[in-house]
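The structure under discussion appears below in the form of structure tokens.
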Amino acid sequence: MSGLSSLFRSLLAILMIAVMGALLLPWQATLQREAQAAHFRSIPLNLSLREQIGQSGFLAALSGFRAPLAAFLWIDAHSAWEKTEWGRMAGLFNTVTTLQPHTLLYWDIAAWHMAWNASIAALHDTKQQSEVLRERARRQYIDLGRDFLERGIRNNPDNYLLHERLGILLRDKVEDHNAAADAFAKAAACSDAPAYIGRFSAYEMAKVPGREREAYDRLMALYRQGKKQQLPSLLARIRELENKLNIPADQRIPATVVGGSSPSR
Amino acid sequence: MSSTLLAPARILAIGRNTFTEIVRQKVFYFLLIFGLIVIGNSAFLAKFSFQEEFQMLKDVSLGAMSVFLSLLAILATAMLLPRDLEDRTIFTILSKPVPRYEYLLGKLLGVVILLTLSTLIMGALFLMVLFFREQSALAETQRTCPPQELAPALAEIRKAAFSWDLLPAMAILLVKGILLSSLTLLVSTFATSGIFAILVSASAYFIGHLQVTAREYWMSGIGIHWWTRIFTAFVALLFPDLQAFNLSDDIVAGTSLPMGLFWQTVALGAVYTSVYYAVACFLFENREL
């Protein structure tokens with residue numbers, strides 16, 4: 001009788017928890033939606049990630065240790081860098097950015113290692129005799145860096161940093177000034193963007209045949225913002241474009257205007 | 001017997017006693033390990049850039065806090081009832097006019113005090129190391145950076161180091177620890193030994209992290225067999241959604257935590273804790289000791 005009573009109480013306890021679970025379901029679903037809208041809990045813990053990080057890593061990620069796991073793999077990638085194991089680094093960076101897609105730093109540094117360090121190392125790889133193949137490897141690493149930045153942007157579209165880094169990569173490594181101008185323009189449109197990025201976009205645009213007028217209008221808009229934007233590099237570009245576009249003398253900026261410091265930006 | 005439903009003084013006395021008992025078992029030694037992880041990690045990371053160093057210091061420290069709090073919650077709670085039964089102290093307490101629900105609440109309170117104190121100590125240690133590393137990066141930058149670029153560089157360092165969102169992140173880890181403690185207390189009311197309670201609670205911990213997957217699968221209801229449906233429903237209804245408390249991974253990534261989300265998560269933790277405690281009381285009330 002006592003056994004039956006104990007069984008009955010256990011079943012009743014399970015029922016009580018199940019009822020609570022049922023009552024909490026709508027709240028849990030709402031909370032999850034709200035968290036995902038605020039960029040929380042949006043990492044797909046699926047088979048693709050399982051293949052990348054192995055069983056124990058996947059278990060750790062499932063148990064709420066995504067961030068420490070990403071940190072350990074990042075340290076591992078750093079060791080790979082010290083041994084110049086570029087392929088292993090790329091794989092580790094892939095995993096780290098999959099685990100922590102909202103950490104801008106990981107995307108930024110992964111892209112920098114690939115597009116700058118690995119690409120230069122590939123170009124000067126003494127084990128590879130063929131210059132064509134070395135050049136191909138260099139371009140592949142640059143593309144890999146670009147891919148990191150583009151994926152990073154897809155995960156963090158509202159932050160200026162990765163848009164800016166993509167602009168720099170397109171400007172310095174790919175030399176696609178048109179795409180670089182657009183990337184800088186997207187960076188400048190972000191609420192947290194520093195003022196110089198707007199100038200970067202216009203400078204790149206000025207190099208693109210057919211977009212000179214658009215670049216001139218942008219540079220003039222920046223010029224009208226006042227002294228903080230009237231830097232020597234900006235004035236030099238405006239004067240170049242005034243000549244190129246045959247801007248009437250009365251619409252040109254006065255020759256007396258001399259820019260402030262920070263010529264590089 | 002007291003005429004009031006709950007006697008705070010009695011509960012507090014049991015709580016204090018429970019806390020003292022756990023402390024006597026030298027559980028705080030884990031703080032030494034935590035200290036080694038945080039300080040050692042920080043020293044090891046000195047070769048990275050300051051952004052990387054701060055990022056990893058936060059990742060590893062909050063991760064270690066999460067591990068220690070979860071372990072502490074399960075291990076400390078699982079041993080409470082079996083030890084009291086073994087030492088026969090439970091009979092001494094319950095022979096006095098102490099209702100069983102007060103006894104359980106006192107036990108839970110003891111663990112909550114332990115978890116809160118541990119969170120405060122680990123949090124303070126972590127923030128102290130972060131502060132010192134930040135000061136060292138600031139001093140180095142002040143020495144080496146050209147004056148015209150100094151202000152943005154210093155701002156960048158400060159931005160990468162401390163964020164106010166780290167505080168709610170630690171608070172949520174504590175809430176998760178309390179929830180796990182309440183769940184373990186529930187398990188130990190019907191467990192036959194401490195080991196059994198630890199194993200069941202640890203399993204519940206892992207399954208709880210999969211609850212959201214089971215819940216989504218069950219609620220979508222598309223093309224799944226009836227037995228899979230029953231199994232996923234079982235997981236979704238009986239286990240807590242522990243992924244809801246894993247916000248620190250994204251907070252250290254720089255995601256800003258809305259206060260509404262924070263309070264809702266705390267409230268969810270409070271509901272789980274209360275219900276598990278209530279069910280524990282229900283089961284413990286008629287348990288033959």
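Naming convention: chains lettered A, B, ... in sequence-line order (proteins, then strands); numbering from 1 in each chain. Quick note: numbers below take in every heavy atom, side chains included, and nothing from hydrogens, waters or symmetry partners.
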Residue from A/Leu69, A/Thr103, A/Leu12, A/Leu25 scoring the most non-hydrogen pairs under 4.5 Å with chain B is A/Thr103
Scored by heavy-atom pairs under 4.5 Å with chain B, the best of A/Pro101, A/Ala29, A/Gly21 is A/Gly21
Taking everything shown except [X] itself, do over 12 heavy atoms lie less than 6.0 Å from its [atom1]?
X        : atom1 : value
A/Phe72  : CZ    : no
B/Phe231 : CZ    : no
A/Lys173 : NZ    : yes

Answer with side chain, backbone, both or neither: which region of [X] has an atom nearer than 4.5 Å to a non-hydrogen atom of chain B?
X        : result
A/Leu105 : side chain
A/Leu24  : side chain
A/Gln32  : side chain
A/Leu23  : neither

Of all heavy-atom pairs between [X] and [Y], which one has the smallest distance, and what is that distance?
X       : Y        : answer
A/Ala38 : B/Pro258 : CB-CG, 3.8 Å
A/Ala71 : B/Val60  : CB-CG2, 4.0 Å
B/Gln55 : A/Tyr106 : CG-OH, 3.8 Å

Let's go through A/Leu31 and B/Leu261 carefully: what are the C-alpha distance in whole Å and the side-chain angles of both, what is the deciding distance for side-chain contact (heavy atoms from CB on, under 4.5 Å) to 0.1 Å, and is it a yes or a no?
CA-CA 7 Å; A/Leu31 198 59; B/Leu261 183 62; 3.8 Å; yes
Part of [X] within contact of chain A (heavy atom distance under 4.5 Å):
X        : answer
B/Ser256 : backbone
B/Lys176 : side chain
B/Val67  : both
B/Glu52  : both
B/Leu242 : neither
B/Phe234 : neither

So, taking the atom named [atom1] in [X] and the one named [atom2] in [Y], what distance separates them when rounded to the nearest 0.5 Å?
X        : Y        : atom1 : atom2 : value
A/Gln28  : B/Asp241 : CD    : CG    : 5.0 Å
B/Thr265 : A/Glu34  : OG1   : CD    : 9.0 Å
B/Tyr276 : A/Ile17  : OH    : CD1   : 6.0 Å
B/Gln51  : A/Ile109 : CD    : CD1   : 6.5 Å
A/Met20  : B/Leu237 : CE    : CG    : 9.5 Å
A/Arg9   : B/Phe190 : CZ    : CZ    : 14.0 Å

- [ ] Would you please test B/Gln264 and A/Thr30 for side-chain contact (heavy atoms from CB on, under 4.5 Å) and show each step?
- [x] CA-CA 10 Å; B/Gln264 279 202 69; A/Thr30 311; 5.5 Å; no
With side chains defined as the heavy atoms from C-beta onward, is the minimum distance between [X] and [Y] less than 4.5 Å?
X        : Y        : value
B/Asp249 : A/Gln100 : yes
B/Val271 : A/Trp27  : yes
B/Ile251 : A/Phe40  : yes

